[in-house]
**Student:** 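Can you read through this structure? Questions will come right after.
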There are 2 protein chains.
Amino acid sequence: MPVTIRDVARQAGVSVKTVSRVINGDGPVREATRQRVQAVIEALHYRPNAVARSLVTRRTMALGLLIADVINPFFPEVVRGVEDAAKVAGYTVLLGNTDEDPVQEERYLALMQERQVDGLVLSGSRAEEEVLRQAADSGFWMALINRAVHHPRILSILVDNADATAQATSYLIQKGHRRIAYLLGPSRAEAARLRFEGYRRALREHGIPFRPAYVVQEIPRIEGGRKAMRTLLALPSPPTAVVAYNDLMAIGAIEAVQEAGGRVPDDVAVIGFDDILLAAYTIPPLTTVRVPKYEMGYKAAAALIDTIKIGRTSPRVVRFKGKIVVRGSA
Amino acid sequence: MPVTIRDVARQAGVSVKTVSRVINGDGPVREATRQRVQAVIEALHYRPNAVARSLVTRRTMALGLLIADVINPFFPEVVRGVEDAAKVAGYTVLLGNTDEDPVQEERYLALMQERQVDGLVLSGSRAEEEVLRQAADSGFWMALINRAVHHPRILSILVDNADATAQATSYLIQKGHRRIAYLLGPSRAEAARLRFEGYRRALREHGIPFRPAYVVQEIPRIEGGRKAMRTLLALPSPPTAVVAYNDLMAIGAIEAVQEAGGRVPDDVAVIGFDDILLAAYTIPPLTTVRVPKYEMGYKAAAALIDTIKIGRTSPRVVRFKGKIVVRGSA
DNA sequence: TTGTAAGCGTTATCAC
DNA sequence: GTGATAACGCTTACAA
């Protein structure tokens, strides 16, 4: 039988309310009483039951965290950022992997609501906007990383996807490239759309015509990048440079070029996005856009917690800047 | 105001118990009643409050998961394994990073108990054995990954650290190496002791004298490996091969050799442990011992859940085999 | 097949 | 300063 607040009260010869006061350090308690209660708490190894507390306070001091997949090297840093911010504020994190599957994400969303988490951080979210809106309407606080949804209970933590990709593309153009391809990510992802937009904008600004054949969409993994690059290489006039939706695809692209007997960056320059750990270790090391993943996770959780505390989102959107990291692939 | 089981009952013109029966699909309910209740549940968007349920059932259907650090490439796969097994069984995962710090780990342990998780999975655990024992004594179920503690409520999920390292060392010996160094991990880690033991055993079995100067202890990161290797390289008679506690140290060692103008594996052969994603992408790609991280995480959670269900650990220890993956570094 | 009442372990209300 | 007592939203006897 676990020891309860009642046991402590009885043992200390006080009421439960007094014990509660001692635990939470709120209401007034005579010092002598406090010490006596404290002693009993330690003697009995009493631990307050957070479940019972949550039932009455209506707060679980827990945050849900839904990510696409921890094994995907983009997410661990986000997770760590969220966890650190949560810890600082006394919150616990409930983790779920959604595999970029709207159905799984929605299922988890419902689960998190049942579990009464005080707020939810979503990274790699692919659920229908309507579903997110509905959850928010029902009183749920959310922070979206790399996705924007305009709603008074939804916070968005963004990186300047379009600008950063435009910069990366311009960088290639300045290096003399004209035949620049784009490896497109999943169309459900807002980030994918925005990055692609940045690519097109840079082309436009430099007066380089957009060629649909230079855009290949694939799954945002190494295999996807490899496959996409093979397609591009088979073109009558293959590109001399490639901008990828993310590092994983970029790495796959490098592999495909090398498999085909080409050299990177001499034959084909490759530039990625995210700056995952692996990026520094490929051959050649990947030139990419660094996304402040940890910081974004931290900020998402910290801002969400603030939001919950004050009862409104302010600010509604936080923007981070991506930064080109020039290494060997472009 | 959130809608409760009472609201549903009132609206459907039945008792709360009947609604409860419909939700949980237990007791007998007339089909017509069931449908009526179900309709009201949907109309009202009713979601049972898991906190209230947990308070009375005394089960949270939640597992705690304490790891050293999600950013350390060893852990994401473990996390994913745990999460997948938990999901299958209807459990939720509460995540915590302990940074291999006993103090933080113990703090989390207490927190998880307050939160009433049904069981706890620990990977990269560094808490005092006494602390774990005490938690177990107080009725807490635990699964330890890569650490053995003999206790009726503690499950251990192990990889054959000693054997696998002995194999790796023997592999080097068979390749003709005689001056083989060892990069030792954190002495608090049981895995570190066991792997080191395997190294010594292999040496002994092949009649190669053990040289203390060939053992360097460092933090189990890339920097640690680099530092340790530099020390070894400065020896009057430096080793021609190195076995590392983990891949991160091995990667650092490779870097140190190359920095010093040496070639891997020609001048110094390097062999790691774990087989993290990065291992396949270093130059040269790392020869290492593959540890079934995902499987160990999955098994830990699955076995823990079984254990909770039947009320006893059976079996008490699960052993996995490491397997040498020969790539380019040895 | 359905309902009533008690109680899970806390905190909140309001009196003393 | 301190203590009864009523919630919180649900499940579990036990009745009906």
Side-chain angles (χ1 to χ4, degrees), chain A residues 1-38 40-41 44-62 90 92 111 113-118 138-139, chain B residues 1-38 40-41 44-62 90 110-111 113-118 138-139:
Chain A
M1 273 293 101
V3 14
T4 75
I5 196 171
R6 247 190 208 89
D7 302 321
V8 176
R10 195 175 316 124
Q11 193 77 214
V14 298
S15 75
V16 291
K17 180 57 202 168
T18 300
V19 178
S20 173
R21 285 196 185 98
V22 171
I23 297 164
N24 300 297
D26 48 2
V29 178
R30 185 174 316 185
E31 182 56 20
T33 316
R34 208 192 58 71
Q35 292 197 0
R36 186 153 37 94
V37 170
Q38 197 61 53
V40 175
I41 286 176
L44 263 45
H45 292 107
Y46 167 70
R47 293 204 166 293
N49 180 329
V51 170
R53 175 182 292 159
S54 292
L55 184 58
V56 40
T57 60
R58 293 150 171 289
R59 285 180 315 146
T60 50
M61 296 301 282
T92 299
L111 183 69
Q113 292 185 264
E114 286 191 11
R115 303 257 166 174
Q116 312 293 123
V117 299
D118 296 337
S138 79
Chain B
M1 272 292 98
V3 16
T4 75
I5 196 171
R6 246 187 210 91
D7 302 323
V8 176
R10 196 175 317 123
Q11 191 77 216
V14 297
S15 73
V16 292
K17 179 56 200 167
T18 301
V19 178
S20 173
R21 284 195 186 100
V22 171
I23 297 163
N24 299 297
D26 48 0
V29 179
R30 185 175 317 190
E31 182 55 21
T33 316
R34 207 192 58 70
Q35 292 198 358
R36 184 152 39 96
V37 171
Q38 196 62 51
V40 174
I41 286 177
L44 265 44
H45 293 109
Y46 168 69
R47 293 206 169 292
N49 181 327
V51 170
R53 176 184 290 159
S54 292
L55 183 58
V56 38
T57 60
R58 293 147 170 292
R59 284 177 317 147
T60 51
M61 297 301 282
L111 182 68
Q113 292 186 262
E114 286 192 9
R115 304 254 165 176
Q116 313 292 124
V117 299
D118 296 336
S138 77

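Below, chains carry the letters A, B, ... as their sequence lines are ordered, and counting in each starts from 1.
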**Student:** For A:P28 and B:V51, find the nucleotide of DNA chain D closest to each by heavy atoms; which residue's nucleotide sits nearer the 5' end?
**Tutor:** A:P28

**Student:** Base, sugar-phosphate or nothing for B:T33? Non-hydrogen atoms, less than 4.0 Å.
**Tutor:**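 The residue B:T33 makes sugar-phosphate contact but no base contact.
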
**Student:** Is any side-chain nitrogen or oxygen of A:S20 closer than 4.0 Å to OP1 or OP2 of C:dT11?
**Tutor:** yes

**Student:** Whole-Å distance between C:dT1 P and B:Q35 CD?
**Tutor:**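 Computing the B:Q35:CD to C:dT1:P distance gives 15 Å.
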
**Student:** May I ask you to verify if any side-chain N or O of B:R6 is less than 4.0 angstrom from the OP1 or OP2 atom of D:dG9?
**Tutor:** no

**Student:** With a 4.0 Å limit, can you tell me whether B:T4 has a side-chain N or O closer than that to the phosphate oxygens OP1/OP2 of D:dG9?
**Tutor:**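 So the side chain of B:T4 is outside the cut-off, no N or O lying under 4.0 Å from OP1 or OP2 of D:dG9.
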
**Student:** Is A:R34 touching bases, backbone alone, or none of the nucleic acid, heavy atoms closer than 4.0 Å?
**Tutor:**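 Counting heavy atoms under 4.0 Å across all strands, no contact is made by A:R34.
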
**Student:** Choosing from C:dG9, D:dG9, D:dT12, which nucleotide comes nearest the side chain of B:N49?
**Tutor:**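 Closest nucleotide among those given: D:dG9.
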
**Student:** A:R53 CZ to D:dA7 C1': how many Å, rounded?
**Tutor:**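 Taking atom C1' of D:dA7 as the reference, CZ of A:R53 is at 17 Å.
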
**Student:** How long is the line joining CD1 of A:I5 and C1' of C:dC8, in whole Å?
**Tutor:**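 Computing the A:I5:CD1 to C:dC8:C1' distance gives 14 Å.
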
**Student:** From B:H45 NE2 over to A:Q113 CD, what is the distance, rounded to the nearest 0.5 angstrom?
**Tutor:** 10.5 Å

**Student:** For a quick test of reading the model: is some side-chain N or O of A:T18 closer than 4.0 Å to OP1 or OP2 of D:dG3?
**Tutor:**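 Checking A:T18 against D:dG3: at least one side-chain N or O falls below 4.0 Å of OP1 or OP2.
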
**Student:** Round to a whole Å and report the spacing from NZ of B:K17 to P of D:dA16.
**Tutor:** 17 Å

**Student:** Can you tell me if A:N24 touches the phosphate of C:dT11, counting only side-chain N or O atoms and a distance under 4.0 Å to OP1 or OP2?
**Tutor:**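 Yes, such a contact exists.
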
**Student:** Could you state the CZ-P distance from B:R59 to D:dC10, rounded to the nearest angstrom?
**Tutor:**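 The distance from CZ of B:R59 to P of D:dC10 comes to 16 Å, rounded to the nearest Å.
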
**Student:** Nearest nucleotide by nearest heavy atom, which residue falls closer to the 5' end of DNA chain C, A:P48 or B:V29?
**Tutor:**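 Closest to the 5' end, via its nearest nucleotide, is B:V29.
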
**Student:** Rounded to whole angstrom units, what separation is found between the OH atom of B:Y46 and the C1' atom of D:dG9?
**Tutor:**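 After rounding, the reported distance stands at 7 Å.
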
**Student:** For B:V14, which contact category applies under a 4.0 Å heavy-atom criterion: base, sugar-phosphate, or nothing?
**Tutor:** sugar-phosphate

**Student:** State, without any angle test, whether B:T60 and B:R115 hold a side-chain donor-acceptor pair at a distance under 3.5 Å.
**Tutor:**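 Per modelled atom types, B:T60 and B:R115 side chains form no pair under 3.5 Å.
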
**Student:** How many Å lie between CZ on B:R58 and P on C:dG7, as a whole number?
**Tutor:** 13 Å

**Student:** CG/A:D7 to OH/A:Y46 distance, rounded to the nearest 0.5 angstrom?
**Tutor:** 9.0 Å

**Student:** Could you give the CD-to-P distance, from A:E114 to D:dC10, as a whole number of Å?
**Tutor:** 10 Å

**Student:** Measure the spacing between CG of A:L55 and CD of A:Q116 and express it to the nearest 0.5 Å.
**Tutor:** 9.0 Å

**Student:** Roughly how far, to the nearest 0.5 Å, is CZ of B:R10 from OG1 of B:T4?
**Tutor:**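 One gets 7.0 Å once the value is rounded to the nearest 0.5 Å.
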
**Student:** Tell me if the side-chain of A:R21 makes a donor-acceptor pair with the base of D:dG3, cut-off 3.5 Å, by modelled atom types.
**Tutor:** yes

**Student:** Which listed nucleotide (C:dT10, C:dT1, D:dA4) is nearest to the side chain of B:R30?
**Tutor:** C:dT1

**Student:** Given B:T33 and B:Q38, is the side chain to side chain contact (heavy atoms under 4.5 Å, CB included) satisfied, shown in steps?
**Tutor:** CA-CA 8 Å; B:T33 316; B:Q38 196 62 51; over 6 Å; no

